[in-house]
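All values below come from the heavy atoms of this structure, side chains included, with hydrogens, waters and symmetry mates left out.
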Amino acid sequence: METIFKRRSVRKYTETPVTDAQVKQIIRAGMAAPSAKNSQEWVFVVLRDPEIYKKFSEVHVNAFAMKTAQAAILVCADLSKEQDPGQGWWIQDCSAAMENMLLEATDLGLGSLWLGVYPKADRVACMKEVCKLPENVEPLGIIALGESTKERPAIDRYLEDRVFLDTYGNSWEK
């Protein structure tokens, strides 16, 4: 729970490099995520080119974290590997991978930020173009990485009023 509570969205990073070993460990965590019918359709593109960061920032107004990120990972799905084509399970599979990656980054002492790509058409088109993704590869999101410029406290976001027993509105905790 400590790593889960420590994970925070970080939007500004120091100039301390993120190593290839750290990036590989984060991707390994992503690949450890569950996937529907074990399809594992995820594909990862390690982003190191600041020009890619700049181009993505042009289509994502809140992507200013990319300006100081020391590395980023684009998480995609190879739709040709879907077990139930057209059902959209890839979105959940890649989201589970991204969450594992965010947690591993935290465990490694790095700050991270989930930047949404899919389903925004301009963001999808941008990443397909700059990363030269084939037609069957759909980008879901980017994880920006780096050492945080400030320490942020762990936070427990548990909301008792959003947990129900058997039926909506029936409080689980008495």
What is the minimum heavy-atom distance between [X] and [Y], and which atoms define it?
{"X": "T3", "Y": "L103", "result": "CG2-O, 3.3 Å"}
{"X": "L115", "Y": "A63", "result": "CD2-CA, 3.9 Å"}
{"X": "V10", "Y": "S148", "result": "CG1-OG, 3.6 Å"}
{"X": "A71", "Y": "V18", "result": "CB-CB, 3.9 Å"}
{"X": "L140", "Y": "C94", "result": "CD2-CB, 3.5 Å"}
{"X": "P34", "Y": "A96", "result": "O-CB, 4.0 Å"}

Under 4.5 Å between side-chain heavy atoms, hopping through other hydrophobics if needed: is there a path connecting [X] to [Y]?
{"X": "L74", "Y": "W42", "result": "yes"}
{"X": "L133", "Y": "V43", "result": "no"}
{"X": "F56", "Y": "V46", "result": "yes"}
{"X": "L47", "Y": "F64", "result": "no"}

Quick one: does [X]'s side chain get under 4.5 Å of [Y]'s, heavy atoms only?
{"X": "V75", "Y": "F44", "result": "yes"}
{"X": "V45", "Y": "M127", "result": "no"}
{"X": "L110", "Y": "I26", "result": "yes"}

What's the spacing between [X] [atom1] and [Y] [atom2] if we round to 0.5 Å?
{"X": "T149", "Y": "R11", "atom1": "OG1", "atom2": "CZ", "value": "12.0 Å"}
{"X": "L108", "Y": "Q22", "atom1": "CG", "atom2": "CD", "value": "6.0 Å"}
{"X": "S9", "Y": "N62", "atom1": "OG", "atom2": "CG", "value": "11.5 Å"}
{"X": "L102", "Y": "L145", "atom1": "CG", "atom2": "CG", "value": "8.5 Å"}
{"X": "C76", "Y": "E41", "atom1": "SG", "atom2": "CD", "value": "11.5 Å"}

Only counting residues at least two apart or in another chain, list the ones meeting side-chain contact (heavy atoms from CB on, under 4.5 Å) with [X].
{"X": "R157", "result": "R7, R8, I155"}
{"X": "N170", "result": "L165, T167, K174"}
{"X": "A125", "result": "none"}

Side chain to side chain donor-acceptor pair (under 3.5 Å) contacts touching [range] (sequence neighbours left out):
{"range": "residues 108-132", "value": "H60-R123"}
{"range": "residues 44-58", "value": "D20-R48"}
{"range": "residues 84-106", "value": "K37-D84, S39-D93"}

Side chain to side chain contact (heavy atoms under 4.5 Å, CB included) between L113 and Y13, worked out: CA-CA 11 Å; L113 180 67; Y13 307 98; 3.6 Å; yes
Q70 side chain to T68 backbone, donor-acceptor under 3.5 Å: yes
Atom CZ of R152 with >12 non-hydrogen neighbours under 6.0 angstrom: yes
